[in-house]
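Step one of this worksheet: look at the structure below.
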Amino acid sequence: MSDETRKEHIRVRGMSCANCSDTVESAVSGLEGVESASVNFATDEASIEYDPETTSLSAVVDAIEDSGYTPEIEKRTIAVQGMSCANCSEAVGSALERTPGVVDASVNFATDEAIVRYNPETVDIRTLYDAIEQSGYEPVRQGEDDDGDDGPSEADKQLRLFGFGLVLSVPILVLAVGGNLFPNVVPGSLFGVDDLWYQFGLGLIVQAVVGKQYYENAYRAVVNNRSANMDVLVAMGSTAAFLYSTTVLFGALEGGHYFDTAAFILLFVTAGNYLEARSKSQASSAIRELLSLEVDTATRITDDGEEEVPLREVEAGDRLKVRPGESIPTDGVVESGESAVDESMVTGESVPVEKAPGDEVVGGTVNENGLLTVEATKVGEETALRQIVRTVKEAQATQPDIQRLADRVSARFVPAVIANALLWGLLWFLFPETLAGVARALPVLDMVGGGPTAAGGTVAVGEFAIIAFTSAVVIACPCAVGLASPAATMVGTALGAKNGILFSGGDVLEHTRNIDTMVFDKTGTLTHGEMTLTDVVAVGNDARPDGGALADREDEDAGPDTGDETELLSLAASAESGSEHPIGEAIVAGAEERGVELSDPEDFENVPGHGLRATVRGKRVVIGNRDLLARDDVAAGPLADRAEQLEGDGKTAVLVSVDGELAGVLAVADEVKESARQAVSALDDRGTAVHMLTGDNERTARAVAREVGIDEANVRAGVKPEEKAATVEELSESGTVGMVGDGVNDAPALAAAAVGMAIGSGTDVAIEAGDVTLMSSDPMDAVRAIRISEGTISKIKQNLFWALAYNTAMVPLASLALIQPIYAAGAMSFSSFSVLLNSIAFRAYDAEEPYKFLGLFR
């Protein structure tokens, strides 16, 4: 047990009795390292003492959640300035997680953000800011109101520094080389002062102004965090060149002057920082595009008329007017009016959706043509748009497993580079002629001319050792390695959101591509989840090819007069107008769509599980199954075969009798979604096994399976929600299972799958139900999710390959002094920029035609 014992008071929701508190207490007490745990259901509070070296607050929170209750833990997104590589983000994350009350912290230097979960009873936001500052970086104190738009301001800062440095560095370069190239143009002295002193003075200003950020960050990394980052390398390289030149200038050593090298190292790296900041901004532009959809004001309807108010003043329950062409201010329900609404920003679907009273609308979507009155239901951070943005940002901060490997490499990279540079600097000092011979023998350009000599040759031995050291330090690029995954993940998650696909984390984005078995729920996933009237067959018309469909009643060649179908549907729908059963509602809706006249029923009698009886226009109408009609001595006789045929097609058939005589049969069905067959076919082509689980009957399930192309051997019908989870677990024993369901009845199965994909529905963002949320309820989105995952990991691998290839090739060349420091700085900056450019190019990825874009490492 360590000397430090932490005490936490955590509020717990959901407890209702002493048994509840005992359950939580037992769960927490069972953790190794917990010294005591006391839970009081009257105050909804748990008091826990634990050893932070043995267990963590995260483990305590998980134990409470696993016991079935909800700890009140807050989550905050904090923008962080000054991070330049994975070592920086690791330092910030470690500082936050060492803070008492912090559950966990995920820091992404590609997005310049930290996502922190913490216990508000122990720690507040100001303490989190202080922890970030103590780690040597600057928190942006807007916290959760920050929209991740720090890229442009950081880019402006770097651009200003670059411009300032360029104005001073160019004269240094002119003075350094101009005297040799243009002796008649550039004199060796100005106003009687040797130009070396001008180089020194200008170089000193560059070091103080442009180099300040690198020196400060390097100091914080080494002193505060006891680590080394890219800024340490830049500071060491530039300082070595400047101090050596200064020492020579003051006569303490003999050799050349490299004030231009020292300045241009800082200048090139600053230029790289500017390009990185711009690229980060472009990579995260999808979030800003989403947030830009929010309107600034809304037209609120009051008792006194209309008033235009700021969006932040809109409250749930307010009535809002939305004119044609305007964006809907916030989530709500249409109170009056009809219009088509462009919901592409939520669902990725370009076709506008018709809206009428009672329909839900999403804030940020565009009202196309009609005047709508909308009652606000969700405002502020609760709107679907804000939930989408929050989900994407959290996904970007949660990196895939492959990034952990890159972070481990980056963490050890800088110390290894420094050790390598010191070693080669020493070797060049001790064995200059031997190493020069090796360098000249290599089939590459010798950038340093004649090489070192001990007796006053082209470059002095000590001077050459400094050149080799500086080049070896500056050439290395841990940023390129550290950016490889975050940059691609940032674009991939934003690309998913653009297509109406929300990944809950970078790890989910990575694992989705591994799915080799996809399980679909039927109702509401492969089908629309709503009954629709499909067939109307009157006695005597059952032999017609179309079964007497009313849609053909005006076709002169359709066969016998179909007026019988119209009368049959009119009587049946009139009787069903008093029913709330889904079959009855489908029949009524079907009749209204066909323009059939309805009457009010009398003597309505519901027969649970069988059907109903009612009097319509003086006629006794019975609608239901065979058993109900048999009670009235009506046999299915002439229509028995037709009813079985309809049921064999996956439809639900109901018989209709009028005044004791068989009149016809109606069929309703939950129609299959248009894209369901396309999704199954695409998964088959990929080699993914497709299964279907449903609580529906066997006959209907197999009919749907045949229609969408699922092998009937992979269909399980009559399955209860808890049995779906067991089935998924069974399939998981032989592969990686993805489950697509509606996020309600399928929640246990979604949780059991390696990747749970919850079908969303616009405003109902089922973020908690699955690992991936499919906003448009389109089965093809499951395929698109896999393709985006494949594309993202492909980009990550490409980035890692080029970053590692760059360092593998360039570090040895610099160590052999075949690259001068000034070129090394430029090459290093370009390496990081190229990784970001490769990631930004991923924005053009098309999930409909993915393989033309993936390139290497599919």
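Both backbone and side-chain heavy atoms feed into the values below; hydrogens, waters and symmetry mates do not.
Residues that satisfy the salt bridge (Lys or Arg N to Asp or Glu O under 4.0 Å) test with Glu65, not counting sequence neighbours, are absent from this structure. In this view, Arg300 and Glu307, Asp318 satisfy the salt bridge (Lys or Arg N to Asp or Glu O under 4.0 Å) rule, not counting sequence neighbours.
Counting only heavy atoms from C-beta outward, the side chains of Thr54 and Val34 never approach each other to under 4.5 Å. Looking at Phe503 and Asp771, their side chains never come closer than 4.5 Å, going by heavy atoms from C-beta outward. Counting heavy atoms from C-beta on, the side chains of Val333 and Val361 never come closer than 4.5 Å. Under the 4.5 Å side-chain criterion, counting only non-hydrogen atoms from C-beta, Thr122 is not in contact with His9. Looking only at side-chain heavy atoms (C-beta outward), Leu731 and Val519 come within less than 4.5 Å of each other. Here the side chains of His691 and Met518 are not in contact, with every heavy-atom distance at 4.5 Å or above. Using a 4.5 Å heavy-atom cutoff, the side chains of Leu128 and Val123 are in contact. A heavy-atom distance below 4.5 Å is not found between the side chains of Arg13 and Tyr69.
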Tell me, with the steps shown, if Thr5 and Glu35 meet side-chain hydrogen bond (donor to acceptor under 3.5 Å, both in side chains).
CA-CA 9 Å; Thr5 298; Glu35 296 183 6; 3.1 Å; yes
Please report the C-alpha distance between Arg117 and Glu97 in whole Å, then the side-chain angles of each, then the deciding distance to 0.1 Å, and finally whether the salt bridge (Lys or Arg N to Asp or Glu O under 4.0 Å) criterion is met.
CA-CA 10 Å; Arg117 290 200 308 152; Glu97 291 185 339; over 6 Å; no
Please step through side chain to side chain contact (heavy atoms under 4.5 Å, CB included) for the pair Val740 and Asp521, ending with a clear verdict.
CA-CA 6 Å; Val740 186; Asp521 170 52; over 6 Å; no
Would you sort out whether Asp778 and Arg784 count as a side chain to side chain contact (heavy atoms under 4.5 Å, CB included), showing the intermediate values?
CA-CA 10 Å; Asp778 182 354; Arg784 296 184 185 104; 3.3 Å; yes
Dump the intermediate steps for side chain to side chain contact (heavy atoms under 4.5 Å, CB included) on Glu138 and Ile132, then the final yes or no.
CA-CA 7 Å; Glu138 186 67 30; Ile132 295 172; over 6 Å; no
Check the pair Ile73, Asn119 against side chain to side chain contact (heavy atoms under 4.5 Å, CB included), reporting the backbone distance first and the verdict last.
CA-CA 5 Å; Ile73 300 300; Asn119 177 15; 4.3 Å; yes
Candidate pair Asp112 and Gln81, rule side-chain hydrogen bond (donor to acceptor under 3.5 Å, both in side chains), full reasoning
CA-CA 6 Å; Asp112 294 323; Gln81 293 180 340; over 6 Å; no
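For the residue pair Glu133 and Pro139, the shortest heavy atom distance occurs at CG-CD, 3.4 Å. Heavy atoms only, all atoms of each residue included: Gly363 and Asp331 are closest at N-OD1, 2.8 Å. Counting all heavy atoms, side chain and backbone alike, Val295 lies closest to Leu311 at O-CD2, 3.2 Å. Residues Val12 and Ala46 come closest through the heavy atom pair CG2-CB, 4.1 Å. Ser789 approaches Arg513 most closely through the heavy-atom pair OG-N, 2.9 Å. Contact record, Pro100 with Glu8: C-OE2, 4.0 Å, taken as the closest heavy-atom pair.
Side chain of Thr383 to backbone of Gly380: a donor-acceptor contact under 3.5 angstrom is found. The closest donor-acceptor contact from the side chain of Asp124 to the backbone of Pro120 lies at 3.5 Å or more, if one exists at all. Using modelled atom types, no side-chain atom of Ser26 and backbone atom of Thr23 make a donor-acceptor pair closer than 3.5 Å. Side-chain N or O atoms of Ser56 include one that pairs as donor or acceptor with a backbone N or O of Ala59 at under 3.5 Å.
A salt bridge is absent between Arg220 and Asp231; no separation between the charged side-chain nitrogens and carboxylate oxygens falls under 4.0 Å. Taking 4.0 Å as the cut-off between side-chain N and carboxylate O, Glu360 and Lys378 do not count as a salt-bridged pair.
With rounding to the nearest 0.5 angstrom, the OG atom of Ser135 is 11.0 Å from the CG atom of Asp130. In this structure, the separation between CD1 on Ile501 and CD1 on Ile788 is 4.0 Å, given to the nearest 0.5 Å. Note that CZ of Arg312 is 9.5 Å distant from CG of Asp296, once rounded to the nearest 0.5 Å. Once rounded to the nearest 0.5 Å, the distance linking NZ of Lys7 with CD1 of Ile48 reads 11.0 Å. Considering CZ of Arg98 and CD of Gln134, their distance stands at 9.0 Å, rounded to 0.5 Å. Distance check: Leu96 CG to Ile78 CD1 gives 6.5 Å after rounding to the nearest 0.5 Å.
In Glu216, the CD atom is crowded: over 12 heavy atoms of neighbouring residues, nucleotides or ligands sit closer than 6.0 Å.
For the residue pair Asn514 and Thr736, no side-chain donor N or O sits within less than 3.5 Å of a side-chain acceptor on the partner. Remark: the Glu32 side chain and the Thr55 side chain contain no N/O donor-acceptor pair separated by less than 3.5 Å.
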